[in-house]
Amino acid sequence: MSKYHHIIKYPSITEKNTNLRSDQNKFVFEVAMESTKADIKEAVEKLFGVDVVSVNTMVVKGKKKRMGRNVGYRPDWKKAIVKVKAGQDIAKFSDV
């Protein structure tokens with residue numbers, strides 16, 4: 001199980017992502033940079049017990065941040081949008 005927890009870091013819960021969940025049955029997760037779509041699909045199916053229809057991924061570039069006169073960047077991260085079969089739901093998201 002720890003392999004799957006390494007792939008799926010945590011769910012992304014924002015107003016936009018909540019609308020995706022209710023309208024299109026899609027869930028958004030932050031995932032490990034080295035994970036593939038097949039890895040993400042397997043992890044979501046094993047961890048949450050749902051059938052995954054599709055997985056879309058994207059790399060979000062880190063924002064520029066300043067600390068006084070020093071300029072740096074936040075790290076890049078990978079986002080996965082997972083569509084599950086109609087009628088199924090991930091219990092962790094239904095509380096939000």
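Reckoned from all heavy atoms, side chains included, excluding hydrogens, waters and symmetry mates. Numbering of residues begins at 1 and proceeds along the displayed sequence.
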Which value, rounded to the nearest 0.5 Å, describes the distance between [X] atom [atom1] and [Y] atom [atom2]?
{"X": "Tyr73", "Y": "Lys65", "atom1": "OH", "atom2": "NZ", "value": "12.5 Å"}
{"X": "Ile81", "Y": "Arg21", "atom1": "CD1", "atom2": "CZ", "value": "15.0 Å"}
{"X": "Thr36", "Y": "Ile7", "atom1": "OG1", "atom2": "CD1", "value": "7.5 Å"}
{"X": "Glu42", "Y": "Ile8", "atom1": "CD", "atom2": "CD1", "value": "10.5 Å"}
{"X": "Lys9", "Y": "Glu30", "atom1": "NZ", "atom2": "CD", "value": "5.5 Å"}
{"X": "Ser54", "Y": "Lys37", "atom1": "OG", "atom2": "NZ", "value": "8.5 Å"}

(request) Walk me through it: do Val50 and Lys85 pass the test side chain to side chain contact (heavy atoms under 4.5 Å, CB included)? (result) CA-CA 7 Å; Val50 295; Lys85 198 177 217 180; over 6 Å; no
Within-4.5 Å side-chain heavy-atom neighbours: [X] and [Y]:
{"X": "Lys83", "Y": "Asn56", "value": "no"}
{"X": "Lys3", "Y": "Asp39", "value": "no"}
{"X": "Val44", "Y": "Phe27", "value": "no"}

Side-chain donor or acceptor of [X] paired with backbone N/O of [Y] under 3.5 Å:
{"X": "Asn17", "Y": "Ser12", "value": "yes"}
{"X": "Asn25", "Y": "Val84", "value": "yes"}
{"X": "Lys78", "Y": "Ser35", "value": "yes"}

(request) Taking atom CE of Met67 as the centre, report whether more than 12 heavy atoms of other residues, nucleotides or ligands fall under 6.0 Å from it. (result) no
(request) State yes or no: do Tyr10 and Ile90 share one hydrophobic cluster built from I, L, V, M, F, W and Y residues joined by side-chain heavy-atom distances below 4.5 Å, directly or via other members? (result)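 No.
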(request) Apply side chain to side chain contact (heavy atoms under 4.5 Å, CB included) to Glu34 and His6, showing your working. (result) CA-CA 10 Å; Glu34 64 275 2; His6 174 70; 2.9 Å; yes
(message) So which atom in Val52 and which in Glu45 form the shortest heavy-atom distance, rounded to 0.1 Å?
(response)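 The answer is N-OE2, 3.3 Å.
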(request) Determine the minimum heavy-atom distance between Gly62 and Asp76, stating which atoms define it. (result)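 So the two residues come closest at N-OD1, 2.8 Å.
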